[in-house]
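Only one structure is covered here, and it is reproduced in the block below.
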Amino acid sequence: MKSAILQTATRYLLPILLLFSFFLLLRGHYYPGGGFVGGLVAAIAFVLHSFANGTANTMKILRYKPLSLIPIGLAISTLSVVAPLLFGLPPMTGLWFEEPIPVIGMIGSALFFDLGVYLVVIGVVLTILFTIALEQ
Amino acid sequence: MIDIILAILSSIGALSILFASIGILRMPDFYLRLSVTVKASTLGVGLLLICAAIMFPDVSVTTKAIAIIFFLIITAPIAAHMIGRSAYFTGTPLWKDTVIDELAGMYNKETHELESKEEEAENPPNEEPNIAKSDEETE
Amino acid sequence: MLFTVLTGLITSGLLIPFGKLIKIKWSFLLPLIPVLLFIFYLLHIPTIAGGTNLVQHVNWVPSMGVNLDFRLDGLSLLFALLITGIGTAIFFYARTYLKGHVYYDRFFAYLLLFMSAMLGVVLSNNILTLFVFWELTSISSFFLIGFNNDSKESRSSALTALSITGLGGFFLLAGLILMGNVAGTFVISELFSKHDVLLAHPLYPLIAGLIFIGAFTKSAQFPFHFWLPGAMKAPTPVSAYLHSATMVKAGIYLLARFTPVLGGNELWNNTLMIVGGFTMAFAAIHALFRVDLKGILAYSTISALGMLTFLLGLGTPEAIIAAAVFILVHALYKANLFMVTGIIDHETHTRDITRLAGLRKVLFPVFIAALLAALSSAGLPSTFGFIGKDLIYEATLHYEEHWALWLTALAIITNVGLVAAGFMAGLKPFTGKLPADFEKVHLPYPSMWIPPLLLGILGLIFGLFPGVVGDLFNNQAANAIAHAETGMKLKIWHGFNMVLLLSIATLAVGIVVYLVNKPSEKKLAAVERFNRIAPQRVFLRIGRSIMRASAWYTHTFHNGYLRSYHIKIIIFAELLLAYKLWISGPIKINWEELTPLSWYEVGIVAILLGALYIIVTTRSRLTSVVSTSVIGYCICLMFVFYSAPDLAMTQFTIDTLTTVLFVLVLYKLPSFINMTSRWIVIRDAMVALGFGVILSLIALRVLQEPNTTDVSSFYGENSYLLAKGKNVVNTILVDFRGIDTMFETVVLSIAAIGVYSLIRLRLKASEKE
Amino acid sequence: MITLETYFDYVILPILAISVMMVFIRLFKGPSVVDRVIALDLIITTGIGIITVYSIRSNQAVLLDVAIILALIAFLGTVAFAYYIEKQKDD
Amino acid sequence: MELLLVIVIGLLYSGGVYLILRRSMVKLLLGIMLLGNGTNILIFLLGKITKGSPPVINEAYKVFQDIYADPIPQALILTAIVISFALTSFAIVLLKRVYALVDSDDLDDLNTPEEEEL
Amino acid sequence: MIDNHILAPVFVQLFTAIAQLMFWRKTVTQRFLSVGGSIIGLLVAIRLFSRTQSEGILTMNAANWDAPFGIVFVADTLSVTLVLLTSIAGVAVSIFSSVSLSRQRMLYGYFPIFHFLIMGLYGAFLTGDIFNLYVYFEVIIISSFVLMTLGGRKAQLEGAVKYMAMNILASMFFLTGIGILYGITGSLNMADVAMKIQLVQNKTLVGITSCFFIIGFGIKSAVFPLYYWLPSSYHTPPSAVAATFGGLLTKVGIYAMIRVLSLIFIPDDFTKTLLMVIAVLTIVTGAFGALIKTNVRRLFSYLIVCHIGFMVGGIAMFTKVALMGTVFYLIHDIVVKTTMFLIAGLIRQLRGTLEMEKLGGLYRDYPKVSLLIAVVLFSLVGIPPLSGFWPKIFLFQDSFSQQQYFFAAALLFGSFVTLFVIARMWSKVFWKNPPEEENVEDRFAPMQPYKKLLMLLPIAFLCGVTLYIGLNAEAIVNVTDKISNQLIDNSSYIKAVLGEKTN
Amino acid sequence: MNLLLSGIWVALTGSMYYTNFLFGFMLGFFVLWIMNRTETDQRYFYRVPKIISFIFYFLYEVFRANIQVAFDVVTPKYFFKPGIVKYPLNASTDFEINLLTTMLSLTPGTLILDISEDKKTIYIHVMYLTDPETFVRQTKTGLERRLLAILR
Ligand code: NA
Ligand code: NA
C-alpha cells in the first residue's frame, strides 16, 4: 500500500523532523530535550519515511544498516565516559572546552555523550522497527 | 485590550475543539466524523497557539507556535486521508443517506492500487461489500 | 601420620588419570604401600603400648578450627594396623583377583583412596577432619560397590549404600558440629575434658542422637543394616576389606572414640545396648537362612557389628575390652572368610552353598584358611575367637544383676547363630562329596590363597598368645575407649567357670544348628515374606511416598501455567504487604498539604481510567492497543501539568513508537476470546484490586512522610554552576547520574540486537540445543 | 473582575477537558477501530491545545516544546494504524 | 490531586495485575506495560509532585528562583520509560515469534518446556 | 580509598562487546575478542581484588560528584569477590561457547550480548547506588532474554516467555521499592539511604519498603514461592548460556538481598522469620523437584532452587557466622553451578540428549572426563573437603546456635537429596550402559582435538577452582570472614562512601 | 528548501543571530544531503514566500469551515448530504497535488480519501453534495485554479 500524498508529505517532514531532532539533541542541556528524545524523533522521521516509501527504500537512504549505528553510538558515549580517566578524573566527569562555541554553546564531554545516546537510540529504534517491517 | 482579544481567540479556539468533539460524537458515520474533526481541531488548536504567541513576548514562543500550527496543517490532512482510505478499504460503512459513492469498486483488490478509470477496475460494483457491511468491529 | 594418609590419597589421585600408563607388571608396587604403612604402624606399637600418644598438628583451615590434627593412641593404632594389615592382604589378593580387568588401575585407585580415608578417620584428632575422611570412605565405597557398573544391582546397591551412609553422614555432621559448638572445640583430645559440660547440656540428647544415626548407618545397625548385604555386589576383595574388616567398623570406631566424650550416660548406653543387641540377634538368625555365601557373611558381619555396639553399650571395662578384642578377632576371621569366598566364587563361579561341597579336595590350602577362620568365629578354645567370646560373656554376666541374664541370653543366641554361620561359610563348601562339575576346579595363584591363610594363622597365634596381643594393643585400645586404665590382662584360660560353660554350650548348640539347618531357596523365600515389614521395605516405601509427594508438590506448584505463577506471586506479595500495612496502623490524610484539584486533571484521569477499563474488558486487540496509547498520552499530559516536560516528551515519543510496534506486530492475531470462567475472572479481579488498593494505601502512607530533599536541592543549586546545564533533568541524565544513562543505552542496544536476531535467526535442525 | 487566568482556569480548560471526555466517549463506543483511531488522534490534538493553554496559564513557555513534539509525531500513530488496518484486511 | 494520582496508581497496578493473570499473551504484555506506567507514576508521586516550574533554570539566572519540580524522579522515570520500551519491544517481538510457532495467543498452550525433552 | 579504576572490569566487558558489535558477523574475530576480553577482565578483576585486600574498601565517585550526589561505585570485599568469581566463570563460559555454540548464534550477536551480561553483573556488584543497581539488573535481564531466545526453538521461546514475564514482574517490584525508598529518604545512594532511613519516623513504612525489595530480589533469586520462572526456563537455552544463568543470575538476586539487608533494611525479627520460612520452603521445594526430574538440566535447575534456600537461610539468621556460610556458599555455588551446566552441555555434545533414561555409558567411553565431572558433582553435594562442604559447617553451626532447628533439618534434607539425586544421576548417566535402542549421536568424538580440548578446558579449569576453594578453604574463610565483618558492621562501607561526614 | 529548513531551525531555537541561521543552514544542508540521494526536485526554493501567504489563506478557509460544521453539529437535525466524488486533477506535480489535497481537506465539507495510482484522480468525501458535477466544476474553477496560479 502506498499513498502518494503521504510520500510527498514525507519529503518535507523527513528533513524537518531530522532538523528538529538535532535541535532537541543540542539544546538538551539547557531546555527540555536531549539525546534520547532527539534520537527518538530522528528515528520516527525514518519510520515515517518507511511507511510512505517502503522500508527497503528507507534503508537505501540510510545506506548502512541501522544496527551499525549502535556500536558507533556506544563507542562515542563510552569514550566520552572514560576520557576523564586520562586526566586522572573519575569516569563520566564533565570535561569542557574553555570557550563557548557559537550556536551550540558550551561543548563538553556531555555533548558527546548525548550524541552517542542519540545515535544509539536511532540505531535501536530503526533496527527494531525495520527488522519487523522487513519480515512482513 | 490584549486580554479581551486573548479571551475571544481562546474562546473560539476552545469552542471549535468542543464542536469537533461534539461532532465526533454525533456524526452518523465515520467519514463525517473524520471530516469534522480534522478541520475543527486544527483551527481550535491553532487559535490557542496564537493566544500563546501573543501571551509570551518572546520571539521564540511565537516562532514555536507558528511551527506547531504549520506542522498541524501539514499532518492533520495526511492522517485523515490515511485513516479515511483504510477505513473505506476495510469496508467501514457510509451513512445511509449518502448520496453517491464514486469510489466504489475502484480498488484493485490484489494490489491495493487505486485505478482512476472505472473500466480498469477489477471488481464489478455489485460485488462491492462496503456499503452492506454492518456496523461492527472490523478487527 | 599425615604422610601415611597423603601417600594413598596422592597415589590414588595420580592413578586415576595416569593409571593406564602403569603396566600390569609394575602393579606389584601397589601392595607395597599398605605394607610400608603397616610396618610404619607396627613400629609405633612399643610407644603406644607404653601409654604415650602421638600427636601431630598441621594447619589447614585454622580459622574454622578445622586442622589436620592427628593423634595416635591405642584405639587408633588398633584400627590403623587393621587397616594397613588387612589392607596388605587384600591388596595382594586383589591383584590376582582382578588380573586382566579393564579398570584394574582404577580399582586400586579407589582402594587406596579408601584406605587413606579410613586411616584418616581413625587418626584424626579433629572431629571435622574426621568427618572429611568419613565421607571419603562413603564415596570410595560407592565407587567400589558400583565397580561392576554394567550390572543394575551393583548400581542400585551402590546407590542404596551411599544414600544410607550419606544420610547418616549428614546427621553425623550436624551432630559433630553441634557437639563442637557446645564444647567449644573441634579437637577430640580436648573434648575429653568437656565430658561433663556436654552431658549436662540440654542438647545432649540431640547430639547423641545425631551421632548415633551417623554411626549406625555406617556400621549397618538395625534399621539401617540393609545396605550392607546389598554392598556385597562389590568385588569380593572390597567386601572383605570395606564391608567386614574396616569401613563398617568406622561407626564402631566413632562410638568407641566418643564413648569417653559422650558416654557414661544412660541414654548413650541403653541406646547402644538396645540397638546393638537387637541387631546382633536379628542378623545372626537371618544369616542362617542365606544360601549365598556372601549373604551369610554379610549378615554375620551385621551381627558382629551389632555385638560390638552392644558391648560398647554395656560400657563396663570388661565389655570394652571385649569389644577391643572382638574388633580384631572379627576382622581377622571375616576378612579371611570373604577372601575364601572370593576364591570359591572365582574358581567355581557360584556362591550358592546348597551347591557347593567337597572343595577341600581341590582347594586344600584354602580349606585350611577357611577352617581356621570358621573355628575362630565359632570360638573354639585356643583360637583368638574363643578369647573374644569369653570376654563377651564375661561382660554380659558382670552387668547389673537384673539385666545380666537377659543380656547373656541375647549374646548366646547371637553367638550360636554366628557359630553356625561361620561353619556354613567356612566348612560347608569344603565338606561332603565334591560334585562332578567342580572336579576341574584348581587352586588359584598363591597370592590369592596365601593372604587368607596368613590371617587364619595369625588368628591362631593370637589365640595362643593372648597376653602378647593384649599388652601390645588391645589394652591400650580399651584404655582409649574407656579413657581410663582398664587394666585387664588377656588370658587363654580363666579356669572352669560360668563363662567357659557358656562358651562350650554355645559351641555345641551352634554345631547342632549348623547340622540341622539346611538353608535353601525355599526357606529363604519363606523368610523373605517378612520383608514387607523389613526396614528395607519400609525405607523403600517411605522413599516412594516421598517421591510421590514430591511429584505432587512439584506439579501442583509448578503446573506450567504462567498465570497461576503470577497469581501465587501476587498473593504472596499481597499477604506480606497487607500484614505490614495492618500493623502500621491507620492512615491519616493531611488534606491541607495536598495540591488543589482542577477540572482538567479530573478529566484526564477520568479518561485514563476509562481507557483502562476498555483495555481490561475489550475483546478487540487493536482497541486495547489504542486504549494503551490513550493511557500513555494521558500520563504525558499529567507530566506536563506537573512540570516535567522532558518526561512528557519522552513518554509521548516512546508511546507512539510502542503503538507503531504493536500495530506492526499484532495485526495478524485473532481477537481475544473469553477463555476463563466467571469465577476465575472474579477471583482475579479481586486479587488485582487488592493489589491496587494495597499499593494506593502504601502510596498514601509514604505521602505522609516529610521529605528530605538535600540531594535534589544540590542538583538545583549546582546544575548550572558546576555541571553547566540549565535543564536539571538532562544534567542529571548526562552528568550527575550519567552512568545510568550509559547503561540504559546498553539496555536499548541489547534489545535491538535481540529483536534483530529473534526475527532473523532461524537455526537449522542440526544446530539445535 | 474576571482575570484572564481565572477565565482560562474556569472556562477554557474545562471546555477542553469536557471535549476530551466527549471524544473519549467515541473512543469508548467505537464502533469500529477506525473510529477509535480518529478519536485518539483528536484526543492528542486537543491535548496540544490543553498543553498550550496550560503553558500560558502557568507561564511556562518551555512546555510548548512538548506541544511541538506532539504536533510533529502524533500522526505517525494514526498512519501506522491506517497502514495496518488496511493490511490486516488483506490477510 | 495527590489523591487522584493515588487512585490512578492503584487502578493501574490493578489493571496490570488483572491482565497478567489472563491467558492471552497480548494481555500479558499490556499488563506489563500498565504495571510499568503505574510504577512510573508512583515514583513521580512519591518524589513529591510540584505544580511549580519545570526543573529548567531560567535563561537569565544561574540557579532556581522559585519552587521547581524535583528533577530526580523525573530522571529516574525517564530512564525507566526507556528501559521499559526496550523490554516491551523485545517482548512484543518475542510474542510474535511464539505466536508464529505455537499458532496461539493462549499462554496455557506454552507448555512445551514442561513436557518436551530438551 | 578513592580509586578511579574500579569500573575497569565493566569497561573491559563493554569495550569487548562494542568491538564485537563492530565486527558483526565476523565470528572468528568475535571468538578471539571474547576469550581475550574475558581474560583481560579476569586479570583486571584479580588486580581489583588484590587492591581491596590490601587497601580496604575502594570507592569511585562517578562524574566526580561526591556521594550522595553522584553515582558511587564501591568495591568492598563482597563485591570484588563476586566480580572475581564472575570473571572466572566468564572466562570458562567464553571458551566453552567458542567451541560449543553454533556459528549461527554467533552470527547473530551471541558474544556481544554475553559480554553485556557479564558487564551488567560486574556493574550490579560494584554499584553503590540503588537505582543504578536497577539499571544493571535490567541490563542483566534483557541480555538474558536475548541469550535465552537466541535462535530459539519452540520450547525455548515458550520458556523464555515465562522467564521474561516473571523477571519483569521482579523488576516492577524492585522499581516500586526504589520509588518508595526515594519517597521516604530522598536519596538513592545506598550508604546515604542507610543513614537517612534511620531518621524515618514511621518504622513500619521501612518494613513495607523492605518487602518490595525482598519480593523483587526473591523472584530474581528464585525462592519459594516466587521461583517458578527458573524451572520453567533454565533447561531450555544452550548449555553455555544456561551455565552463565545457572552460575550467576540467581546469585545476583542473593547478592542484592545481602547488600540491601545489610545496609539499608537491617533485618528485624519479622524479616528474619520470613526469610527463614522462605529458606526452608525453598530448600524443600528444590529438593522435591530435584527428586522427580529425569532430565539432567531440569534436575540441576531444581538443585539451584534448593541451594538458594541454603543461602537465604544464612541471610535469615544474619549473624556473622551465618553470613560467612552464605557468602562461602555463594562463592562455591557460582563456580560449581556454572560447571554443572557446562557439564550438561558436554554430556549433550557426547550423547545428544539430557534425558537420563536415554543416557549411559559415559564412564565406559570417557572415564577420565567422567571422573573429572565426578569431582564437580561431589563438590556440589558438599562431599568434604570439596568446596560445598565448608559453608555447610557455618550454616549448621549457626542454625544450632540460633536454635533454627527447622533450618538445620532442611539443610540436612537438602544436602541429602542433593547427594541422592547426584549419585543417582551418576549411576544412570555414567555407569549404566546406554539403552540399546538409542542410537547415540556423539558429536564430540568427531571434533578436532583442539576443539575437544577447548571444551574440556573450561570444565577442568572450574574444577580446579572448586578444588582450590575446597582444599585451600582457609583463604576463602578469611575472605568470607572479612566480608561478614563488613556486612555485619556496615559503618565501614558507609564511611568509605560518605567520608567523614557520617561522624 | 534549505532556506526553509534554516528558517525552521531559527524558529525552533528562537534566536535570530546570524550565526544561528548559518548553523541552521548548514544543518539543513546536511539533512538535505542525507535525504537528497534520492531526491532531485529542487524547485521549491523559490516558493517559500508564496507558501507562507498560502498558509494564511488557509487559516481563513479553515475558520469558515468550522462555523459551518459547528452549526450543523449543535443543531439536532443533519443538513448534510454526504457523498464520495471522483475528481480529475489538473495539478500535476507532487507538490501541487499535496497542497491541493491539504487545502481541500481543511476546507468546508471536503475530505480527501485517496488518490489514484497515476495521480490523475482524487476521491473526495463531500459533506454538502448536491450534484457531483457541480461540485467538481466549482472546485476546479475555485480552489484548484487559484492554487495553481500561485504555484506556477
Ligand atoms: Na530485574
Ligand atoms: Na541461577
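What's counted below: heavy atoms across the whole structure, side chains too, no hydrogens, waters or symmetry copies. A note on names: the letters A, B, ... follow the listed sequences, proteins ahead of strands, and every chain is numbered from 1.
The choice from C:L612, C:V602, C:V747 that makes the most heavy-atom pairs within less than 4.5 Å of chain E is C:L612. Among the candidates C:D655, C:V616, C:I698, the residue making the largest number of heavy-atom pairs closer than 4.5 Å to chain E is C:V616. Among E:T88, E:I9, E:L30, the residue making the largest number of heavy-atom pairs under 4.5 Å with chain C is E:L30. Most heavy-atom pairs under 4.5 Å with chain E: of the set C:G754, C:S627, C:G692, this distinction falls to C:G692. Here C:I635 is the residue among C:D646, C:L657, C:I635, C:L562 with the most heavy-atom pairs under 4.5 Å with chain E.
Both the backbone and the side chain of E:I20 come within contact range of chain C, each with at least one heavy atom under 4.5 Å from a heavy atom of that chain. With a 4.5 angstrom heavy-atom cutoff, E:L28 touches chain C only via side-chain atoms. Both the backbone and the side chain of E:I92 come within contact range of chain C, with heavy atoms under 4.5 Å apart. Heavy atoms closer than 4.5 Å to chain E are found in both the backbone and the side chain of C:T658. Residue contact with chain C, scored on non-hydrogen atoms closer than 4.5 Å, involves the backbone and the side chain of E:L45 alike. Of the atoms belonging to C:L647, heavy atoms from both backbone and side chain fall under 4.5 Å from chain E.
Between E:L3 and C:L700, some side-chain heavy-atom pair lies under the 4.5 Å cut-off. You'll find the side chain of C:I732 stays beyond 4.5 Å of the side chain of E:Q74, heavy atoms only. Within the 4.5 Å cutoff, side-chain heavy atoms of E:Y18 are placed close to those of C:V681. Contact annotation: the side chain of E:D108 approaches that of C:R563 to within less than 4.5 Å [non-hydrogen atoms, C-beta and beyond]. Between E:L12 and C:L608 the shortest side-chain heavy-atom distance falls below 4.5 Å. Residues E:I72 and C:F736 fail the side-chain proximity criterion, which asks for heavy atoms closer than 4.5 Å. Counting only heavy atoms from C-beta outward, the side chains of E:L21 and C:R683 never approach each other to under 4.5 Å.
For the pair C:A699 and E:L42, the tightest heavy-atom approach, listed with the atom from each and the gap, is CB-CD1, 4.0 Å. Between E:A75 and C:L733, the closest heavy-atom pair is O-CD2, 4.0 Å.
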> Could you go step by step and tell me if C:V605 and E:I7 meet the side-chain contact (heavy atoms from CB on, under 4.5 Å) rule?
Replying inline: CA-CA 9 Å; C:V605 167; E:I7 293 167; 5.9 Å; no
> For E:N37 and C:Q651, what are the C-alpha separation, side-chain angles and deciding distance, and is it a side-chain contact (heavy atoms from CB on, under 4.5 Å)?
Replying inline: CA-CA 10 Å; E:N37 280 330; C:Q651 172 84 29; 3.7 Å; yes
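Rounded to the nearest 0.5 angstrom, C:F662 CZ and E:L29 CG are separated by 4.0 Å. Separation of atoms OG (E:S89) and CD1 (C:I654) is listed at 8.5 Å; rounding is to 0.5 Å. Of the inter-residue distances, the one linking C:E601 atom CD with E:L4 atom CG reads 7.0 Å to the nearest 0.5 angstrom.
A donor-acceptor pair under 3.5 Å is formed between the side chain of E:R97 and the backbone N or O of C:L758. The backbone N or O of C:A688 lies less than 3.5 Å from a partner atom in the side chain of E:S14, making a donor-acceptor pair.
For residues 77-87 of chain E, the interface with chain C (any heavy-atom pair closer than 4.5 Å) comprises E:I77, E:L78, E:T79, E:I81, E:V82, E:I83, E:F85, E:A86, sorted by residue number.
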